[in-house]
Peer 1: 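Sharing a structure with you now.
Scope of the values below: all heavy atoms of this structure, side chains included, with no hydrogens, waters or symmetry mates. Since this is a predicted model, take the numbers as computed values, not measurements.
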Amino acid sequence: MKRVNDIVIHYVANPGSSAKANRDFFDSSQSSVSAHFVVGLKGEVIQCVPLNEQSSASNDRNPDTISIEVCHPKANGKFNSKTYGALIKLTAWLCDEFGLDEEDVIRHYDITGKDCPKYYVEHPDAWEKLKKDVKKAM
Ligand SMILES: [Zn+2]
């Protein structure tokens, strides 16, 4: 990647699955999808793709975005507090690293209209709060 313009947040859409299970799935031959990071239910962060390489998660925006897949306990897609805390820290660090701010943090939905990350598409107020929390953590 030449330049990172945005950070894209996704949800794994597989309630209760672990970060490692999702990483192993990206690695498997069944999957043509990959993300830079997966954030797990215990707040663990697994990096799957180096930051200078493209991931394959965000459609037309793969060439200029960092992608983060986030695990969630239930089908509604809401992140638990450990996962949320780790996501905020990771995202704030990436913003610092690439000279971005919280307005450069976007949802998969903002690129394609896909219902991802589900809870934060259905609850725009929760999405606005997430961006504010990233700003506070920077
Ligand atoms: Zn997505």
Peer 1: In terms of side-chain geometry, is the basic nitrogen of Lys129 or Asp125 positioned less than 4.0 Å from the acidic oxygen of its partner?
Peer 2: no
Peer 1: May I ask you to decide whether Lys118 forms a salt bridge with Glu122, counting only side-chain N to carboxylate O separations under 4.0 Å?
Peer 2: yes
Peer 1: Quick one: CD1 on Ile88 to NZ on Lys131, what's the gap to the nearest 0.5 Å?
Peer 2: 12.0 Å
Peer 1: Apply the test side chain to side chain contact (heavy atoms under 4.5 Å, CB included) to residues Asp6 and Arg61: give CA-CA distance (whole Å), side-chain angles for both, the deciding distance (0.1 Å), then the verdict.
Peer 2: CA-CA 9 Å; Asp6 286 306; Arg61 296 297 307 279; 2.7 Å; yes
Peer 1: Measure from the side-chain N and O atoms of Asn80 to the backbone N and O of Thr83, and report whether any donor-acceptor pair falls under 3.5 Å.
Peer 2: yes
Peer 1: With a 3.5 Å distance limit and no angle check, can you tell me whether Ser17 reaches the backbone of Asn14 through a side-chain donor-acceptor pair?
Peer 2: yes
Peer 1: I need the minimum non-hydrogen distance between Pro50 and His36, along with the two atoms involved.
Peer 2: O-CD2, 3.4 Å
Peer 1: Quick one: are Val121 and Trp127 in side-chain contact, heavy atoms under 4.5 Å?
Peer 2: no
Peer 1: Against Phe37, only a single residue in Ile46, Ile66, Val70 fulfils side-chain contact (heavy atoms from CB on, under 4.5 Å); can you say which?
Peer 2: Ile66
Peer 1: Does any part of the side chain of Asp133, heavy atoms only, come nearer than 4.5 Å to the side chain of Tyr84, both counted from C-beta?
Peer 2: yes
Peer 1: Does a side-chain heavy-atom distance below 4.5 Å link Ile7 with Ile106?
Peer 2: no
Peer 1: If you measure from the Lys or Arg side-chain nitrogens to the Asp or Glu carboxylate oxygens, is any gap between Glu102 and Lys132 under 4.0 Å?
Peer 2: no
Peer 1: Determine, using ring centers only, whether His72 and Tyr11 are less than 6.0 Å apart.
Peer 2: yes
Peer 1: I'd like to know if Lys135 pairs up with Asp101 as an ion pair, taking the criterion as any Lys NZ or Arg NE/NH1/NH2 lying under 4.0 Å from an Asp or Glu carboxylate oxygen.
Peer 2: no
Peer 1: Side-chain contact, heavy-atom cut-off 4.5 Å: Arg107 with Ile111?
Peer 2: no
Peer 1: Holding to salt bridge (charged side-chain N to carboxylate O under 4.0 Å, His left out), I want the full list of residues that pass it with Lys74, two or more places apart in sequence or in another chain.
Peer 2: none
Peer 1: Answer yes if Val39 and Leu41 sit in the same cluster of Ile, Leu, Val, Met, Phe, Trp and Tyr residues linked by side chain heavy atoms under 4.5 Å apart, and no otherwise.
Peer 2: no
Peer 1: Could you tell me whether the side chain of Glu44 and the main chain of Lys42 form a donor-acceptor pair under 3.5 Å?
Peer 2: yes
Peer 1: Side chains of Cys71 and Phe79: closer than 4.5 Å at any heavy-atom pair?
Peer 2: no
Peer 1: Is there a chain of hydrophobic side chains (I, L, V, M, F, W, Y, each step under 4.5 Å between heavy atoms) that links Phe26 to Val12?
Peer 2: no
Peer 1: Between Arg3 and Asp64, is any pair of side-chain heavy atoms under 4.5 Å apart?
Peer 2: no
Peer 1: Say whether, by atom type as modelled, one donor and one acceptor occur between the side chain of Gln47 and the main chain of Val49 under 3.5 angstrom.
Peer 2: yes
Peer 1: Measure from the side-chain N and O atoms of Ser67 to the backbone N and O of Val8, and report whether any donor-acceptor pair falls under 3.5 Å.
Peer 2: no
Peer 1: Just list the side-chain donor-acceptor pairs under 3.5 Å for residues 91-99, sequence neighbours left out, or say none.
Peer 2:
{"from": "Thr91", "atom 1": "OG1", "to": "Leu87", "atom 2": "O", "distance (Å)": "2.7"}

Peer 1: Out of curiosity, Asp24 CG to Ser31 OG, how far, rounded to the nearest 0.5 Å?
Peer 2: 11.0 Å
Peer 1: Walk me through it: do Ser55 and Ser34 pass the test side chain to side chain contact (heavy atoms under 4.5 Å, CB included)?
Peer 2: CA-CA 5 Å; Ser55 67; Ser34 65; 4.0 Å; yes
Peer 1: Which atom pair, heavy atoms only, marks the closest approach of Glu69 to Ala57?
Peer 2: OE2-CB, 4.5 Å
Peer 1: Please tell me whether Asn59 and Thr112 have a donor and an acceptor in their side chains that are separated by less than 3.5 angstrom.
Peer 2: no
Peer 1: Using the benzene-type ring in the case of Trp, are the ring centres of Tyr120 and Tyr109 under 6.0 Å apart?
Peer 2: no
Peer 1: Taking the side chain as every heavy atom from C-beta outward, state whether Asn52 and Met1 have any atom pair closer than 4.5 Å.
Peer 2: no
Peer 1: Looking only at heavy atoms, which two atoms of Ala35 and Cys48 are closest? And how far apart?
Peer 2: O-CB, 3.2 Å
Peer 1: Do Leu90 and Ile68 touch side chain to side chain, with heavy atoms closer than 4.5 Å?
Peer 2: yes
Peer 1: Have Ser58 and His10 got a donor and an acceptor in their side chains that come within less than 3.5 Å?
Peer 2: yes
